[in-house]
2 protein chains.
Amino acid sequence: MATMTAAQRRAEAKAEYDTYLSTCKSRRLLDRLSDKWVTLVLCALAEDDMRYSELARKIAGVSQKMLTQTLRTLERDGLVIRRVTPSVPVQVEYAITQLGQSLVEVVYELKRWAEGHMDDVETAQGRYDRRNASRG
Amino acid sequence: MATMTAAQRRAEAKAEYDTYLSTCKSRRLLDRLSDKWVTLVLCALAEDDMRYSELARKIAGVSQKMLTQTLRTLERDGLVIRRVTPSVPVQVEYAITQLGQSLVEVVYELKRWAEGHMDDVETAQGRYDRRNASRG
DNA sequence: CAGGATCCGTTCAGATACTG
DNA sequence: CAGTATCTGAACGGATCCTG
């Protein structure tokens, strides 16, 4: 298939790049944090250990599919611990690990930046939108 | 429609929650950062001002649609500046703003955490996977 | 109570083609 | 060079039903 050379080149470059991204620690961390619910769960558990249903109530907008999925990956990452008490209706409690706690500190950094600067961002957005209102 | 009461309740709660999330500064910041290319572009521009094509080459895996889209939102957010030089082939240069620079600092914090702890995460993942290999 | 499994709509992001 | 516009497959996330 000599006609596909160009496309193949691009595909290869893409594959290389994907490999790079998947081995990039920062990238992998951001992928985690961007999982819409991860930070919410982490911050909730940073305050106190919680049971599944407590988390579901506390976070309030999450579907149980997403909550379960989030908790699984967090457990797999060693960021939270899952403790099962084999009582009659089983009782599951989630707690944050040391590793998770150290990550929450960084998340708080983010939060601080957000509290301090998102107003500026909003202002900038308003300016931008007004400037581009004339030119549709 | 009395039969929809339950669903309506949930929909309302959901709407309320969405409103809350959309006004939550931290949430909005995370939504930005999680946009796969935002941090790459920001970090690239933190090193040096760059033209569109330079960015495209530097970042190497991005489609020009995504690059443009990313640059637009960053500009709108006041995180980067776009300067057009009306030469014959127009020349566009992008630079980071002070606001953007201050955000990059936080991103570096994330990066530091990643460099320091992602190994632990990886180890945890290995443990988790091995433990769950028996029970499929 | 704490999930697993499934279906399904929306959104995202890449490829492609075209423009000033 | 620096984009814009459109189409489409894949992934995400929610709703729903079911189980130990």
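Remember, predicted model here, so these are calculated numbers, not experimental data. In what follows, chains are A, B, ... by sequence order, proteins preceding strands, each numbered from 1.
Of the candidate nucleotides D:dG14, D:dA2, C:dA2, D:dA2 has the atom nearest to the side chain of B:V90. Side chain of A:Q64, nearest nucleotide from C:dG3, D:dT4, D:dG14: C:dG3. Closest to the side chain of A:K65, from the set D:dA2, C:dC7, C:dG3, is C:dC7. Out of D:dG13, D:dT4, D:dT6, the shortest distance to the side chain of A:M66 is found at D:dG13. Picking from D:dA2, C:dG14, C:dC1 the nucleotide with the shortest atom distance to the side chain of B:S53 gives D:dA2. Considering only side-chain atoms of A:V92, the nucleotide from D:dG3, C:dG3, D:dG13 that sits closest is C:dG3.
Counting heavy atoms from C-beta on, the side chains of B:S26 and A:T39 never come closer than 4.5 Å. Side-chain contact between B:L110 and A:L33 is present, with heavy atoms from C-beta onward closer than 4.5 Å.
Between A:W37 and D:dG14 there is a side-chain polar atom (N or O) within less than 4.0 angstrom of OP1 or OP2. Contact annotation: B:R51 side-chain N/O to D:dC1 OP1/OP2 distance is not under 4.0 Å. Side-chain nitrogen and oxygen atoms of B:R57 include none within less than 4.0 Å of the OP1 or OP2 phosphate oxygen of D:dA2. Listed pair B:R72 / D:dG3 meets the phosphate criterion, a side-chain N or O lying under 4.0 Å from OP1 or OP2. Within the structure, every side-chain polar atom (N or O) of B:Y52 is placed at least 4.0 Å from both OP1 and OP2 of D:dT4. Distances shorter than 4.0 Å separate some side-chain N or O of A:K36 from OP1 or OP2 on D:dG14. Residue B:Y94 places none of its side-chain N or O atoms closer than 4.0 Å to OP1 or OP2 of D:dC1.
Between A:E115 and A:R112, no side-chain nitrogen of the basic residue sits less than 4.0 Å from a carboxylate oxygen of the acidic one, so the salt-bridge criterion is not met.
In this structure, A:Q69 atom CD and D:dA15 atom P are separated by 14 Å, rounded to whole Å. Spacing between atom CG of B:N132 and atom P of C:dG4 amounts to 11 Å, rounded to whole angstrom units. Across the protein-nucleic acid pair, A:D31 atom CG and C:dC12 atom C1' stand 14 Å apart, rounded to whole Å. In this structure, the CG atom of A:L67 is 8 Å from the P atom of C:dG3, given to the nearest Å. Between A:E54 atom CD and C:dG3 atom P the separation is 13 Å, expressed in whole Å. Between B:L71 atom CG and D:dC1 atom P the separation is 16 Å, expressed in whole Å. Straight-line distance from the CE atom of B:M50 to the P atom of D:dA2: 13 Å, rounded to whole Å. In this structure, B:R82 places its CZ atom 16 Å from P of D:dC1, rounding to the nearest Å.
A donor-acceptor pair is defined here as one N or O able to donate and one able to accept, closer than 3.5 Å; such a pair exists between the side chain of B:R27 and the backbone of A:K36. Under a 3.5 Å cut-off, the side chain of A:Y52 and the backbone N or O of A:L67 do not form any donor-acceptor pair.
The shortest non-hydrogen separation linking B:Y94 to B:V92 is CE1-CG1, 3.7 Å.
Residue A:P89 is the one, among A:P89 and A:T68, whose nearest nucleotide of DNA chain C lies closer to the 5' end (criterion: closest heavy atom).
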